[in-house]
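Report on the following structure.
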2 protein chains.
Amino acid sequence: MNVKTLCLGFLTTREATGYEIKKEFEEGFFSHFIEASYGSIYPALNQLATQGLVTVREEEQAGKPDKKVYAVTDAGRDVLGKWLSVVPARDKYKSEFLFEMFLQQYLAPHHVVTAVETQLAHLRTDLDNIRMCREKCVDPAMMAGGPDFVLGYGESVLTAAVSYLEGKLVELGVPQAPRAAAE
Amino acid sequence: MNVKTLCLGFLTTREATGYEIKKEFEEGFFSHFIEASYGSIYPALNQLATQGLVTVREEEQAGKPDKKVYAVTDAGRDVLGKWLSVVPARDKYKSEFLFEMFLQQYLAPHHVVTAVETQLAHLRTDLDNIRMCREKCVDPAMMAGGPDFVLGYGESVLTAAVSYLEGKLVELGVPQAPRAAAE
DNA sequence: TGATGCATGTAATCCGTTACATGATTCA
DNA sequence: TGAATCATGTAACGGATTACATGCATCA
């Protein structure tokens, strides 16, 4: 899935600037299954505009740099339907963490613990993020279908991973800091 | 994590040819969190040999092409320890499936079902694979530590994903084919 | 007879990341 | 004063995939 499709898909939810799209991809809803940098987002947006799949509106801002707000066109929505109508490629999952755990006999014991704790921290961040997305969205109708499905998927997978690692830490004899409940 | 590290790490478990490494990465134990193609494996192996981190032994075979069997050296084991001693980079997960599900309003309903079923099939393949790795290994001592940890992680995560999608299929009103229990 | 498995390797190409350039404002 | 946020963009670079080349044996 190339960055053009990703941007076009995002723009069906709301109009946005390249800067905002990047933020959403790395902090928001999409962060745990999408990645893209400025170096790929800005060119992609320009191409989409050239092809008439999105419109651009330049806005001046007091005290801030000018920005370019992109919005999807009807042609863009049509094309997106076509781009999405292929059965998706298999998920790609790469984990240096698991590779290191596999070879843990080559690592110092404290390093193993650090790695597990770091992984756990990442997973919890993602989980909190997903839960925040759920709460932030007051109107349940807006979440129906797609977003709800994706959030639920992420939540169940991440929860399983967290439980597993918590259990392993206990086995390793690491004292568990009691976690504050999400407010 | 570059392909050189991956190959070197694999070779600590047993000696192997480039061809076998590729197979293990795509079918075996590592398949669900590692990827590498011939185009990256063969050059990596050559570099490792040049650096003295692995040895090469050429074997002629009757009726089959000659093969080059690689084995890790002591120097290789040392270097691997160093390469692994950095806290691993964050897992990378890219899912076209989730992106499509997010935008499912742009898809035909039957396409959504197909995508979920395909995803489910992939996940079940991986799960069966993990369970086979467990069974295949008669000697539990060989699995202790690293391998067992990784297998357990994969199993819990994949099981959660499968349950979630099975539930969703029921919601979508798709009749469930009873699955044969793994023999 | 044609596909598949075994087996190694290279060259072209692609896609994306990293790093850099620019610059005003706000917060500590 | 220095860092962070907002904001857009390009050029160089890197790393890996894809496709290609070769060739014998086996199985359907």
Side-chain angles (χ1 to χ4, degrees), chain A residues 1-8 10-11 15-28 30-31 33-50 54-70 83 89-96 99, chain B residues 1-8 10-11 15-28 30-31 33-50 54-70 83 89-90 92-94 96 99:
Chain A
M1 181 92 56
N2 56 32
V3 181
K4 261 167 84 174
T5 313
L6 262 23
C7 289
L8 190 57
F10 176 81
L11 290 171
E15 43 174 53
T17 67
Y19 188 81
E20 287 166 348
I21 292 175
K22 171 81 189 321
K23 266 196 81 176
E24 284 292 326
F25 282 1
E26 77 181 16
E27 290 172 22
F30 301 90
S31 58
F33 62 98
I34 275 185
E35 256 177 309
S37 60
Y38 291 130
S40 55
I41 291 173
Y42 285 120
L45 252 14
N46 283 328
Q47 281 177 47
L48 289 171
T50 306
V54 299
T55 56
V56 204
R57 171 167 42 88
E58 264 167 282
E59 272 183 24
E60 287 172 44
Q61 299 184 113
K64 287 183 188 176
D66 296 356
K67 64 179 179 179
K68 292 185 179 179
V69 181
Y70 293 86
W83 286 350
R90 213 174 162 143
D91 288 355
K92 271 167 198 165
Y93 176 58
K94 288 193 187 180
S95 178
E96 300 195 0
F99 189 70
Chain B
M1 185 90 57
N2 55 33
V3 179
K4 262 167 84 174
T5 313
L6 261 25
C7 290
L8 190 56
F10 176 81
L11 290 173
E15 42 173 55
T17 67
Y19 188 82
E20 287 165 348
I21 292 176
K22 171 81 191 317
K23 265 196 84 177
E24 283 293 327
F25 283 0
E26 76 182 15
E27 289 172 21
F30 301 91
S31 59
F33 63 96
I34 275 183
E35 256 176 309
S37 60
Y38 290 128
S40 55
I41 290 173
Y42 285 120
L45 251 16
N46 284 328
Q47 283 177 47
L48 288 171
T50 307
V54 300
T55 56
V56 203
R57 171 167 43 88
E58 264 166 281
E59 271 183 26
E60 286 171 45
Q61 300 184 115
K64 287 183 188 176
D66 296 356
K67 63 178 177 179
K68 292 185 180 178
V69 181
Y70 293 87
W83 287 352
R90 211 175 163 141
K92 271 168 198 164
Y93 176 57
K94 287 193 188 182
E96 299 195 1
F99 190 70

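By convention in this document, chain letters (A, B, ...) are assigned in the order of the sequence lines, proteins followed by strands, and residues within each chain are numbered from 1.
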* To do: Find out whether A:Ile21 and A:Leu11 are in side-chain contact, i.e. whether some heavy atom of one side chain is under 4.5 Å from a heavy atom of the other.
  => yes
* Quick one: A:Glu59 CD to D:dT8 C1', roughly how many Å, whole number? -> 15 Å
* Asked: Got a sec, which residues hit salt bridge (charged side-chain N to carboxylate O under 4.0 Å, His left out) with B:Glu59, two or more places apart in sequence or on another chain?
  -> B:Arg57
* Taking the inter-plane angle between the rings of A:Tyr19 and A:Tyr38 on a 0 to 90° scale, is it parallel (under 30°), tilted (30 to 60°) or perpendicular (over 60°)? -> parallel
* Length of the line joining B:Tyr42:OH and D:dA16:P, which is rounded to integer Å -> 17 Å
* To do: Provide, to the nearest angstrom, the distance between the CD1 atom belonging to B:Ile34 and the P atom belonging to D:dT17.
  => 12 Å
* side-chain contact (heavy atoms from CB on, under 4.5 Å) with A:Thr55: which residues, sequence neighbours excluded? -> A:Ala71, A:Thr73
* Go through the structure and list residues passing side-chain hydrogen bond (donor to acceptor under 3.5 Å, both in side chains) with A:Lys68, not counting sequence neighbours. => none
* DNA chain D contacts made by residues 15-26 of chain B, counting heavy atoms under 4.0 Å -> none
* Would you please name every residue forming a ring pair (Phe, Tyr, Trp, His ring centres under 6.0 Å) with B:Phe33, sequence neighbours left out? => none
* To do: Please name all residues satisfying side-chain hydrogen bond (donor to acceptor under 3.5 Å, both in side chains) with A:Asn46, sequence neighbours left out, ordered by chain then number.
  => none
* To do: Can you pull out how bent the helix from C:dT1-D:dA28 to C:dA28-D:dT1 is, comparing the axes over its first five and last five pairs, to 10°?
  => 40°
* To do: List for me each residue that meets salt bridge (charged side-chain N to carboxylate O under 4.0 Å, His left out) alongside A:Glu26, sequence neighbours excluded, and say none if there are none.
  => A:Lys22
* Would one find a side-chain N or O of A:Gln61 under 4.0 angstrom from OP1 or OP2 of D:dC6? -> no
* **Counterpart residues, side-chain hydrogen bond (donor to acceptor under 3.5 Å, both in side chains), relative to B:Glu58 (two or more places apart)** => none
* Asked: Can you check the B:Lys92 NZ to D:dA16 P distance for me, whole Å?
  -> 10 Å
* To do: Could you pick out which residue, B:Lys67 or A:Tyr38, lies toward the 5' side of DNA chain C when each is mapped onto its nearest nucleotide?
  => B:Lys67
* Structure fact -> A:Ile41 CD1 to D:dC6 C1', in whole Å, measures 15 Å
* Measure from CG on B:Asp66 to P on D:dG23 and round the result to the nearest Å. => 14 Å
* Structure fact -> For B:Glu20, the side-chain hydrogen bond (donor to acceptor under 3.5 Å, both in side chains) test, sequence neighbours excluded, returns none
* Structure fact -> Winner on side-chain proximity to B:Pro65, out of D:dG23, D:dA16, D:dC6, is D:dG23
* Structure fact -> Sequence neighbours excluded, the answer for salt bridge (charged side-chain N to carboxylate O under 4.0 Å, His left out) partners of B:Glu24 is B:Arg14
* Structure fact -> Span of DNA chain C engaged by chain B, first through last nucleotide within the 4.0 Å heavy-atom cut-off, is C:dG5 to C:dT10
* Using whole Å, report how far NZ of A:Lys64 lies from P of D:dT8. => 11 Å
